[in-house]
Each structure stands twice: as structure tokens, then as C-alpha cells.
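Presented below is the structure to which this report refers.
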Amino acid sequence: MAATTTTDASPKYRAPTDFHPQIPELSVSENPHDGLHFWQFMVAGSIAGSIEHMAMFPVDTLKTRMQAIVGSGSYPVQNVNVRQACKSIMKNEGAAGFYRGIGAMGLGAGPAHAVYFSVYELCKQYFSRGDPNNSVAHAVSGVCATVASDAVFTPMDVVKQRLQLKSSPYKGVVDCVRRVLVEEGIGAFYASYKTTVVMNAPFTAVHFATYEAAKRGLIEVSPDIADDERLVVHATAGAAAGALAAIVTTPLDVVKTQLQCQGVCGCDRFSSSSIGNVIKIIVKKDGYQGLMRGWIPRMLFHAPAAAICWSTYEASKDFFHRLNGNPEN
């Protein structure tokens, strides 16, 4: 990734002259990549992820409500648009309804994004083989990052979505965790992990590849862009990447929501967590349009969320560059 104070869109790799492709040692005493310590990537990612998800949480609640609505028996679901979902929450729960479950998000987003960005940076250094403009390396690195971070985030995502449901039976994060463990076992927290990875792998590949390409293209158009305008570049590239990736992967996100909320508040319980089985049931009840349920709030979430996340991440990296005495980065 480009640092925020250079005019070159490519990060500067400081590999030694006798560098051979191998996974770098993770040490806090040396700069493994891009002039930053490993722990600094983790802190920057944690800050970016937390701010992103907290800021956009109300939109995420709308998406969950729209995706989790199911019909009774073999009857089709009643489709609800963004306006109707928003009106329902305000009428029945007030503004606080949009933030139910935000505690679970706070507990999961920081650690998950710390893993996400640090793994991404390390993999990008390894797979790029000295070519910072390698889009394939960016995509593969993104996939590796999401597999690792999803293992951290999925349990709290399950708690978050169950708390977001209308008339959720849980009193809070602790109550939800306790009851799920007692009633369903620890496996319930990872029932959607496979689906989450299958969804986020292409999402992340599209996201990172689009972000790096858009960022590079924007900077090439205005190579003399001022430092204070670079955040606009990161935000614009991030928004484009987030919107495109969100739309492409919406069907799998619907499957993930159904699996995480199964058996709660009238949501269907599935005999198998197989992606194909859940898709078959959704299509039978709601047609193929059911697989795109909630795509608008999903796109409205990921476009600004990605803009917030990337601009915050790059700003945090810039802070650490200056802290390390590397203002040229």
C-alpha cells in the first residue's frame, strides 16, 4: 500500500540485496515491511476497523433485519425495503434499536482487523516478489488476511447479528454468549465460518485488487497531489472497492445471515449448514431475488465503511512513519 506522504502510488519495499522469497520473521525490533513494525500494522488496522464498523453500525442493522426476514412454512417472505425497515425500527424501538449489538461489534472488530491488516501487509510483501503493482499478489494477500481474521471475528458476528434481530430474546452480549453455549454448543459460533470465508475470500480479493488499482490510477492522474488530499484518494478508492465487492458477494452474505440467525425470532433452522442447502431453501421460498435481499444497505454500508477504514488505516500508518522517523514514507 502507498504511504500517505509520497507521490508514488507504490509502497517502498526495503528488502536486503540478498533477499530470497520467504516469510519474514515477525520481530518488533526491526521494520519488516514498508518502514513499519509488525505491531504498528496491527494497531493501525485495529483503529481503522473499529472506527469503520462503529460509524456504519446502523446501516448494518438495517441489512441484518432485511436479510433475516423469513416466511412461515412454505409461504414466501414479505420483502421489506430500506425505508420500511428503517421506519419499523424507529417506530418500535427508537434510535437505540439501530445500535443493539454494537458491544459485540466493538469486541470483535478491533482484534479481527488487527489480524486482517497485519496478515495482508506480510503476505503482500511475500507474494509481490518485489513488484508493488502486482494485483494478483494484492488479491491473494487479501484472501489470506480474511481467512485469518474471520476465525477471530465470526463468533462475535454471530452474537452481533442475533442481538440485531427484531424482538431479540437476548439481554446483551454476555447473555447471548452464555445461552448459545448452553443451548447450542460452541459449534454454533462457527456454523457460518465456512460460508463467511467463501463469501469474504472473493469479497476481499475484489476489494483489495480494486482498491490498489483505483488508488494507483487516481495518483497517476494527479501525481503532484498534496498530502492533505491523499486521504481523499484513499477514501475514494476504498469506497469504489467496497461498493463493488459488496454487490458481488451479497448472495453469500444472505446465506451467512440465515445461518447465524437460524432458530432465533422465527428464522428458519437448517438441517445442514451447507451453502447449497441454504441457497436452495431461500430460492424455494423467495425466488432468486431472495439471494439479493439487503444488497442496497450492504452497498451503502461497505462503500463509506471502506472509505473510512482505508483513510483511517493510511493516516495511522503515516503517524507511525513519523513516529519512527521516516517522514519520507
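Proximity of a side-chain donor or acceptor of Glu183 to a complementary backbone N or O of Val180 within less than 3.5 Å is not detected. In terms of modelled atom types and a separation under 3.5 Å, the side chain of Arg100 and the main chain of Gln164 share no donor-acceptor contact. In this structure a side-chain-to-backbone donor-acceptor pair under 3.5 Å is present from Ser316 to Thr312. Looking at Arg179, its side chain does come within 3.5 Å of a backbone N or O of Pro169 through a donor-acceptor pair. At distances below 3.5 Å, not a single donor-acceptor pair connects side-chain atoms of Asp318 with backbone N or O atoms of Glu314. In this structure, Tyr99 contributes its side chain and Thr61 its backbone to no donor-acceptor pair below 3.5 Å.
A single hydrophobic cluster is not seen to contain both Val136 and Val206; linkage of ILVMFWY side chains at heavy-atom distances under 4.5 Å, directly or through other members, places them apart. A continuous path of ILVMFWY side-chain contacts below 4.5 Å connects Val255 to Val283, so both sit in one hydrophobic cluster. Hydrophobic clustering of Ile, Leu, Val, Met, Phe, Trp and Tyr side chains at less than 4.5 Å, counting indirect connections, keeps Tyr193 apart from Val115. Residues Val59 and Met105 share a single hydrophobic cluster, defined by chaining ILVMFWY side chains whose heavy atoms lie under 4.5 Å apart. No chain of hydrophobic side-chain contacts below 4.5 Å, direct or via other Ile, Leu, Val, Met, Phe, Trp or Tyr residues, connects Val147 to Met199.
Taking the six-membered ring where tryptophan is involved, the planes of His113 and His53 are perpendicular, since the angle between them exceeds 60° and thus also 30°. Using bins of under 30°, 30° to 60° and over 60° for the plane-to-plane angle, the ring pair Trp310/Tyr120 lands in the perpendicular bin.
Nearest heavy atoms, His302 versus Gly242: CB-O, 3.5 Å. Of all heavy-atom pairs between Ala55 and Pro58, the closest is O-CD, 4.0 Å. For Phe320 against Ala44, the heavy-atom pair with the smallest separation is CE1-N, 4.2 Å. Closest heavy-atom contact between Ser272 and Asn277: O-ND2, 3.2 Å. When every heavy atom of Lys160 is checked against every heavy atom of Asp60, the shortest pair comes out as NZ-OD2, 2.6 Å. Scanning both residues, Met90 and Phe98, for their nearest heavy atoms gives SD-CE1, 3.4 Å.
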Before giving the answer on side-chain contact (heavy atoms from CB on, under 4.5 Å), spell out for Met56 and Leu300 the whole-Å C-alpha distance, their side-chain angles and the decisive distance to 0.1 Å.
CA-CA 9 Å; Met56 300 305 301; Leu300 292 177; over 6 Å; no

Using ring pair (Phe, Tyr, Trp, His ring centres under 6.0 Å), reason through Tyr211 and His138 one step at a time and then give a plain yes or no.
CA-CA 9 Å; Tyr211 170 75; His138 297 152; 9.1 Å; no

Might you work through the side-chain contact (heavy atoms from CB on, under 4.5 Å) test for Lys166 and Arg65, ending with a clear yes or no?
CA-CA 7 Å; Lys166 181 179 180 180; Arg65 291 289 180 92; 3.7 Å; yes

Please determine whether side-chain contact (heavy atoms from CB on, under 4.5 Å) holds for the pair Thr146 and Phe203, giving the CA-CA distance in whole Å, both sets of side-chain angles, and the decisive distance to 0.1 Å.
CA-CA 9 Å; Thr146 199; Phe203 176 94; over 6 Å; no

Worked verdict on Gln40 versus Asn324 for side-chain contact (heavy atoms from CB on, under 4.5 Å):
CA-CA 10 Å; Gln40 291 174 325; Asn324 293 346; 2.9 Å; yes

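Here the side chains of Lys215 and Val233 are in contact, with some heavy-atom distance below 4.5 Å. Between Lys194 and Lys256 there is no side-chain heavy-atom pair separated by less than 4.5 Å. Contact check for Tyr116 versus Asp150: no side-chain heavy atoms found under the 4.5 Å cut-off. Taking 4.5 Å as the limit, every side-chain heavy atom of Phe38 sits out of range of all side-chain heavy atoms of Glu121. Taking the side chain as every heavy atom from C-beta outward, Val248 and Pro202 never approach each other to under 4.5 Å. Contact annotation: the side chain of Thr154 never approaches that of Phe189 to less than 4.5 Å [non-hydrogen atoms, C-beta and beyond].
Taking the ring centroids of Tyr313 and Phe117, they lie under the 6.0 Å cut-off.
Within the model, atoms OG of Ser274 and CD1 of Ile279 stand 8.0 Å from one another, a figure rounded to the nearest 0.5 Å. Here the CD1-CE distance, from Ile47 to Met42, works out to 12.5 Å after rounding to the nearest 0.5 Å. How far CD1 of Ile51 is from OG of Ser46: 9.5 Å, rounded to the nearest 0.5 Å.
Side-chain contact of Asp268 with Gln262: a donor-acceptor pair under 3.5 Å is absent, judged by distance alone. A side-chain donor-acceptor contact under 3.5 Å links Thr249 and Arg298. Tyr170 and Arg162 share a side-chain donor-acceptor pair at under 3.5 Å.
None of Leu62, Thr257, Leu291 except one satisfies the side chain to side chain contact (heavy atoms under 4.5 Å, CB included) rule with Gln67; the exception is Thr257. Residue Leu259 forms a side chain to side chain contact (heavy atoms under 4.5 Å, CB included) with just one option from Val278, Val254, Thr196, Ile275, and that option is Val278. Partner Gln161 forms a side chain to side chain contact (heavy atoms under 4.5 Å, CB included) with one of Val158, Asp157, Val159, Leu165 and no other, that one being Asp157.
Checked against ring pair (Phe, Tyr, Trp, His ring centres under 6.0 Å), Phe127 has no partners two or more places apart in sequence or in another chain.
Remark: Arg178 does not engage Glu184 in a salt bridge, criterion side-chain N to carboxylate O under 4.0 Å.
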